[in-house]
Undergrad: 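For reference, the structure I am asking about is given below.
Sequence lines set the chain letters: A, B, ... in the order given, protein chains first and strands last, and positions in each chain run from 1. Quick caveat: nothing in here was measured; it's all calculated off a predicted structure.
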There are 2 protein chains.
Amino acid sequence: MSQDRSNHADQPLMLDAERDVQARLGDRPLDFESLDAISNIYRATSGLRRRAERDVLAEYGLSFGGFTILWVLWVWDAMETGRLAEECGVAKGTLTGMLTTLEKLDLVTRERVASDKRRMLVSLTDTGTATIDEVFPKFNAFEGQMTDGLSSSDKRELARLLRLVVNNARSDDN
Amino acid sequence: MSQDRSNHADQPLMLDAERDVQARLGDRPLDFESLDAISNIYRATSGLRRRAERDVLAEYGLSFGGFTILWVLWVWDAMETGRLAEECGVAKGTLTGMLTTLEKLDLVTRERVASDKRRMLVSLTDTGTATIDEVFPKFNAFEGQMTDGLSSSDKRELARLLRLVVNNARSDDN
DNA sequence: CTCGGATAGTTTGGTACCGAACGATTCCAA
DNA sequence: TTGGAATCGTTCGGTACCAAACTATCCGAG
């Protein structure tokens with residue numbers, strides 16, 4: 001509504017939030033370029049996540065995290081818990097609970113690895129495969145909508161710049 | 001460890017995940033440019049958030065969301081709950097709980113607005129102001145580390161592209 | 001062999017987070 | 001003036017999410 005006063009709504013020079021930060025803190029010795037870049041990553045994610053859940057995933061009873069698990073298993077086939085957690089960007093303890101949820105929905109199965117009984121191999125069930133097969137194209141279309149206004153080279157550039165951030169943020173430990 | 005095989009670690013052409021997706025689904029009619037752009041937004045956030053909490057915020061007993069609230073109040077002074085929730089990117093019901101936490105820590109106060117008793121005005125306490133005054137410069141330095149390898153114009157470009165996504169993801173309703 | 005350390009996954013305790021339902025207050029139209 | 005609609009914040013039920021503690025299994029040095 002009051003978003004981006006005195007800017008064209010299509011391509012605002014700054015978000016309201018960025019403008020107000022500048023007005024309030026512009027005289028401090030802060031790194032505003034990094035601030036805006038990183039802040040906008042969060043702003044984008046919180047909006048995207050909620051929209052994805054409401055517009056695409058709610059229909060299937062999937063949380064964003066649950067969808068991510070199905071997607072990862074779709075791409076990589078069976079995977080053990082530790083690597084799956086890393087790939088999904090969640091702690092392994094978190095994954096245990098989410099897998100329990102997905103198991104109740106009959107979307108994934110866990111089976112112990114015979115050669116090393118500590119490990120669990122997670123796979124999609126047939127239902128799980130059918131679900132992600134149906135959901136993912138919709139999700140991908142949603143991704144297209146969310147990048148409306150960006151050219152192909154914009155999208156590649158965005159992906160490239162984020163890749164650098166992802167690598168900087170990679171945890172060194174565990 | 002096995003990250004970005006056959007790439008220079010400093011500036012990978014693709015993340016392992018992106019490469020594997022391409023290998024597995026490259027023949028499907030999907031929008032991979034949007035996929036990589038949006039996926040990397042999530043990947044960046046999950047890493048950044050955890051790193052921020054561990055490396056910067058844990059020392060102060062702040063969650064990422066709690067920090068965001070303090071930061072927003074620092075920039076805008078007092079604010080009512082609804083707008084604060086929107087600015088922080090959380091649901092208003094979520095904010096109620098987080099404010100209760102911050103109130104217990106004596107970092108913020110809530111007071112009813114005299115002219116409209118439905119509304120609550122949230123402000124920083126002196127302790128809250130002192131805390132964010134101390135934490136934010138550290139957080140900003142962290143943001144600088146997380147954007148290491150990006151030039152000034154890269155950061156501005158990243159912020160700009162994300163701004164478009166943020167606007168696309170803005171909820172139309174409430 | 002065997003026992004101590006490493007590793008994989010789960011459990012635990014606590015917060016964050018959502019949408020929906022709710023109660024209180026305000027606003028507005030008849 | 002008054003009663004219904006709109007608005008604001010809280011509550012509620014449920015999942016996601018984390019770090020740390022724990023359990024079970026495996027592995028290697030002696």
Undergrad: Starting at NZ of Lys104(A) and ending at C1' of dG14(D), how long is that distance when rounded to a whole Å?
TA: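 Rounded to the whole Å, the gap is 11 Å.
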Undergrad: Using a heavy-atom cut-off of under 4.0 Å over every strand shown, decide if Thr96(A) touches base, sugar-phosphate, or nothing.
TA: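 Base contact - Thr96(A) has a heavy atom under 4.0 Å of at least one base atom.
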Undergrad: Write down the distance between CG (Asp55(B)) and C1' (dA19(D)), rounded to a whole number of angstrom.
TA: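 Atom CG in Asp55(B) sits about 14 Å away from atom C1' in dA19(D).
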Undergrad: Could you state the atom-to-atom distance from CG of Asp116(B) to P of dA6(D) in whole Å?
TA: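 These atoms are roughly 17 Å apart.
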Undergrad: Ignoring hydrogens, what is the shortest heavy-atom contact between Glu111(A) and Ser123(A)? Give both atom names and the distance.
TA: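 Distance-wise, the nearest heavy atoms are OE2-OG, 4.0 Å.
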Undergrad: In whole angstrom, give the distance that lies between atom CG of Leu62(B) and atom C1' of dG14(C).
TA: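 In whole Å, dG14(C) C1' lies 16 Å from Leu62(B) CG.
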Undergrad: Below the 4.0 Å mark, does dA16(C) have OP1 or OP2 next to a side-chain nitrogen or oxygen of Ser63(B)?
TA: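 Yes.
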Undergrad: So which of Leu95(A), Leu102(A), Thr81(A) actually passes side chain to side chain contact (heavy atoms under 4.5 Å, CB included) with Val122(A)?
TA: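 Considering Leu95(A), Leu102(A), Thr81(A), a side chain to side chain contact (heavy atoms under 4.5 Å, CB included) with Val122(A) is found only for Thr81(A).
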Undergrad: Mind calculating the distance between CG (Leu57(A)) and C1' (dC18(C)) to the nearest angstrom?
TA: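 For the pair Leu57(A) CG and dC18(C) C1', the rounded distance is 13 Å.
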Undergrad: Measure the distance from CE on Met98(A) to P on dC18(C) and round it to the nearest whole Å.
TA: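 In whole Å, dC18(C) P and Met98(A) CE are 15 Å from each other.
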Undergrad: Can you measure Tyr42(A) atom OH to dA16(C) atom P for me and round it to whole angstrom units?
TA: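 Those two atoms, OH and P, are 16 Å apart.
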Undergrad: Indicate the ring-plane relationship of Trp71(B) and Phe136(B), choosing parallel, tilted or perpendicular according to the 30° and 60° boundaries.
TA: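 Parallel: the ring planes of Trp71(B) and Phe136(B) meet at under 30°.
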Undergrad: Which is true for Gly61(B) with a 4.0 Å heavy-atom rule: it touches a base, it touches only sugar-phosphate, or it touches nothing?
TA: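 Nothing: the residue Gly61(B), judged by heavy atoms under 4.0 Å, touches no strand.
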Undergrad: Rounded to the nearest 0.5 Å, how far apart are OG of Ser153(A) and CZ of Arg160(A)?
TA: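 So the gap between those two atoms works out to 11.5 Å.
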Undergrad: Would you mind classifying the nucleic acid contact of Arg83(B) as base, sugar-phosphate or nothing, using non-hydrogen atoms under 4.0 angstrom?
TA: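 Arg83(B): no heavy atom of the nucleic acid under 4.0 Å.
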Undergrad: Hey, which of these two, Thr94(A) or Lys117(A), hits DNA chain D nearer its 5' end, going by closest nucleotide?
TA: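 Closest to the 5' end, via its nearest nucleotide, is Thr94(A).
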Undergrad: Measure from the side chain of Val90(A), starting at C-beta and using heavy atoms only, and say which of dA16(C), dT10(D), dC17(D) lies closest.
TA: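 Nearest to the side-chain atoms of Val90(A), counting from C-beta on, is dC17(D).
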Undergrad: Check the distance between dC8(D)'s P and Leu95(B)'s CG and give it to me in whole angstrom.
TA: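 Checked: the CG to P distance equals 14 Å.
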Undergrad: So, OP1 or OP2 of dG9(D): does either fall under 4.0 Å of a side-chain N or O from Thr81(B)?
TA: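 Yes, within the criterion.
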Undergrad: Using ring centroids (six-membered ring only for Trp), state whether Tyr60(A) and Phe67(A) fall under 6.0 Å.
TA: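 That pair fails the under 6.0 Å test.
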Undergrad: Ignoring backbone atoms, test whether Arg110(A) places a side-chain nitrogen or oxygen under 4.0 Å from the OP1 or OP2 oxygen of dT10(C).
TA: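 The answer is yes; a side-chain N or O of Arg110(A) sits under 4.0 Å from OP1 or OP2.
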Undergrad: Across the strands shown, which category fits Glu53(B) at heavy-atom distances under 4.0 angstrom: base, sugar-phosphate, nothing?
TA: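 Counting heavy atoms under 4.0 Å across all strands, no contact is made by Glu53(B).
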Undergrad: Can you see if the side chain of Arg118(B) gets near the phosphate of dT7(D) - specifically, an N or O under 4.0 Å from OP1 or OP2?
TA: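 So the side-chain polar atoms of Arg118(B) never come under 4.0 Å of the phosphate oxygens OP1 or OP2 of dT7(D).
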Undergrad: Indicate, with a heavy-atom threshold strictly under 4.0 Å, whether Gly82(A) touches base, sugar-phosphate, or nothing.
TA: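 Touches sugar-phosphate only.
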Undergrad: I need the Met120(A) CE to Thr96(A) OG1 distance, nearest 0.5 Å.
TA: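 Reported to 0.5 Å precision, the distance equals 9.0 Å.
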Undergrad: Looking at every strand, decide which applies to Arg112(A) at a 4.0 Å heavy-atom threshold: base, sugar-phosphate, or nothing.
TA: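 Nothing, no heavy atom under 4.0 Å.
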Undergrad: Taking OP1 and OP2 of dT25(C), is either one under 4.0 Å from a side-chain nitrogen or oxygen of Arg119(B)?
TA: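 Negative; the distance criterion is not met.
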Undergrad: According to a strict under-4.0 Å criterion, is Arg49(B) in side-chain N/O contact with OP1 or OP2 of dA16(D)?
TA: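 Checking dA16(D) against Arg49(B), no side-chain N or O comes under 4.0 Å of OP1 or OP2.
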